[in-house]
Amino acid sequence: MSLPLQVGITGGIGSGKSVVCKLFACLGIPVYNADSRAKWLTNHNPQIIESVVSLLGKDSYTSEGHYNTAYVSSLVFSNEDLLKKLNAIIHPVVMQDTANWVENHAGSPYVVKEAAIMNKAGDRNALDYVVVVEAPLELRISRILQRDNRSENQIRAIVKRQVSDDERRMVGNFFVNNDERSALIPQILKLHEIFLSARS
């Protein structure tokens with residue numbers, strides 16, 4: 001059985017990637033959330049745990065065995081070399097996990113992979129297409145204020161650390177406008193038809 005087409009969904013924080021992915025899921029399309037899956041693997045994969053502790057010390061995990069995000073962040077985000085080493089531990093495991101997941105969904109016409117950071121289709125990934133979800137910055141900030149326990153300053157700092165909208169547009173094959181004025185469902189249905197026809 002041949003592998004399904006692989007479609008990446010990306011966008012800035014608060015753009016609505018998760019909502020778009022839920023709509024694809026409603027159409028029966030399998031969805032892989034790379035960021036949440038990476039968190040799960042970081043907490044449960046013995047290879048990652050051993051390597052992270054070796055790199056950053058035993059305080060990388062709490063006494064209950066949970067990944068100590070605050071501690072790790074305090075070490076790596078001011079140290080580019082450490083961050084690269086940490087990514088080199090986690091990313092290959094996530095990539096292999098993704099590949100296994102795609103194989104398990106070989107009967108699907110296409111699958112969707114959601115991630116905040118994404119290269120162009122075919123650029124160091126197995127993606128066939130990338131869909132960029134877009135929304136105005138102020139709308140994105142208001143959504144996150146309602147959703148998360150974060151201040152506006154914290155949100156703007158996160159946005160600054162992420163790639164810019166212009167950079168993100170350069171990786172996209174398709175774009176979804178999630179500004180709450182343009183109807184979302186017709187855009188997803190149109191993409192669904194495109195991906196189905198690309199597979200046939």
Side-chain angles (χ1 to χ4, degrees), residues 6 8-18 21 31-102 112-121 123-127 130 132-135 137-138 140-172:
Q6 298 183 46
I9 306 283
T10 192
I13 184 170
S15 60
K17 298 184 296 296
S18 297
C21 287
V31 175
Y32 182 96
N33 185 305
D35 299 330
S36 64
R37 187 63 183 161
K39 287 177 187 172
W40 189 92
L41 289 166
T42 305
N43 275 294
H44 295 90
N45 182 279
Q47 177 188 335
I48 288 179
I49 293 169
E50 183 180 339
S51 298
V52 169
V53 169
S54 176
L55 177 68
L56 302 175
K58 59 180 176 52
D59 289 338
S60 306
Y61 288 82
T62 66
S63 55
E64 293 83 25
H66 301 303
Y67 185 64
N68 191 342
T69 306
Y71 172 78
V72 172
S73 297
S74 72
L75 294 179
V76 302
F77 283 113
S78 59
N79 188 322
E80 190 71 26
D81 185 51
L82 267 186
L83 180 58
K84 283 180 181 174
K85 287 177 179 175
L86 179 65
N87 287 339
I89 291 169
I90 297 171
H91 287 177
V93 179
V94 176
M95 286 181 73
Q96 185 57 54
D97 185 72
T98 309
N100 295 342
W101 178 85
V102 171
V112 163
K113 295 194 275 188
E114 176 189 352
I117 300 170
M118 198 167 279
N119 293 340
K120 281 184 179 180
D123 179 7
R124 289 173 290 162
N125 60 40
L127 298 174
V130 171
V132 177
V133 184
E134 299 183 316
L137 178 58
E138 297 308 315
R140 289 163 53 195
I141 289 170
S142 69
R143 285 173 181 163
I144 304 158
L145 284 170
Q146 292 171 25
R147 182 189 77 191
D148 297 352
N149 185 25
R150 288 186 169 120
S151 70
E152 184 172 334
N153 285 341
Q154 288 174 320
I155 296 165
R156 289 188 184 276
I158 292 168
V159 170
K160 275 189 178 178
R161 285 202 301 269
Q162 292 189 331
V163 298
S164 70
D165 290 344
D166 288 341
E167 290 173 299
R168 208 177 281 111
R169 284 193 73 83
M170 291 174 69
V171 309

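Residue indices begin at 1 and follow the sequence shown.
Side-chain atoms of Arg168 do not come within 3.5 Å of backbone N or O of Val132 as any donor-acceptor pair. Checking side-chain atoms of Asn43 against main-chain N and O of Tyr67 turns up a donor-acceptor pair under 3.5 Å. Between the side chain of Asn125 and the main chain of Lys120, a donor-acceptor pair closer than 3.5 Å is present. A donor-acceptor distance shorter than 3.5 angstrom exists from the side chain of Ser74 to the backbone of Tyr71, with no hydrogens or angles considered. Between the side chain of Arg150 and the main chain of Ile155, no donor-acceptor pair closer than 3.5 Å is present.
Among pairs with a residue in residues 88-100, those fulfilling side-chain hydrogen bond (donor to acceptor under 3.5 Å, both in side chains) read Tyr32-Asp97, Tyr32-Thr98, Arg37-Asp97, Gln96-Asn100, at least two apart in sequence or across chains. Residue pairs meeting the salt bridge (charged side-chain N to carboxylate O under 4.0 Å, His left out) criterion with at least one partner in residues 63-72, sequence neighbours excluded, do not occur; the list is empty.
Considering only residues two or more places apart in sequence or on other chains, Arg147 meets the salt bridge (charged side-chain N to carboxylate O under 4.0 Å, His left out) condition with none of them. For Asn149, the side chain to side chain contact (heavy atoms under 4.5 Å, CB included) test picks out no residue, with sequence neighbours left out. Listed by chain and number, the residues in a salt bridge (charged side-chain N to carboxylate O under 4.0 Å, His left out) with Lys85 are Asp81 (sequence neighbours excluded).
For the pair Val163 and Ile117, the minimum side-chain heavy-atom distance is 4.5 Å or more.
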Go through the steps for Thr10 and Glu114 under the test side-chain contact (heavy atoms from CB on, under 4.5 Å), then give the verdict. CA-CA 6 Å; Thr10 192; Glu114 176 189 352; over 6 Å; no
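Annotation: the span from Arg161 atom CZ to Ile13 atom CD1 amounts to 9.0 Å, rounded to 0.5 Å.
Checking Val130, Val112, Leu127 one by one against Gln6, the side-chain contact (heavy atoms from CB on, under 4.5 Å) holds for a single residue, Leu127.
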Let me have the donor-acceptor pairs involving side chains of residues 47-60, under 3.5 Å, with sequence neighbours excluded, atom names and distances please.
residue	atom	partner	partner atom	Å
Ser51	OG	Gln47	O	3.0
Ser60	OG	Gly57	O	2.7

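For Lys84 and Glu80, the salt-bridge test fails: no basic side-chain N is under 4.0 Å from an acidic carboxylate O.
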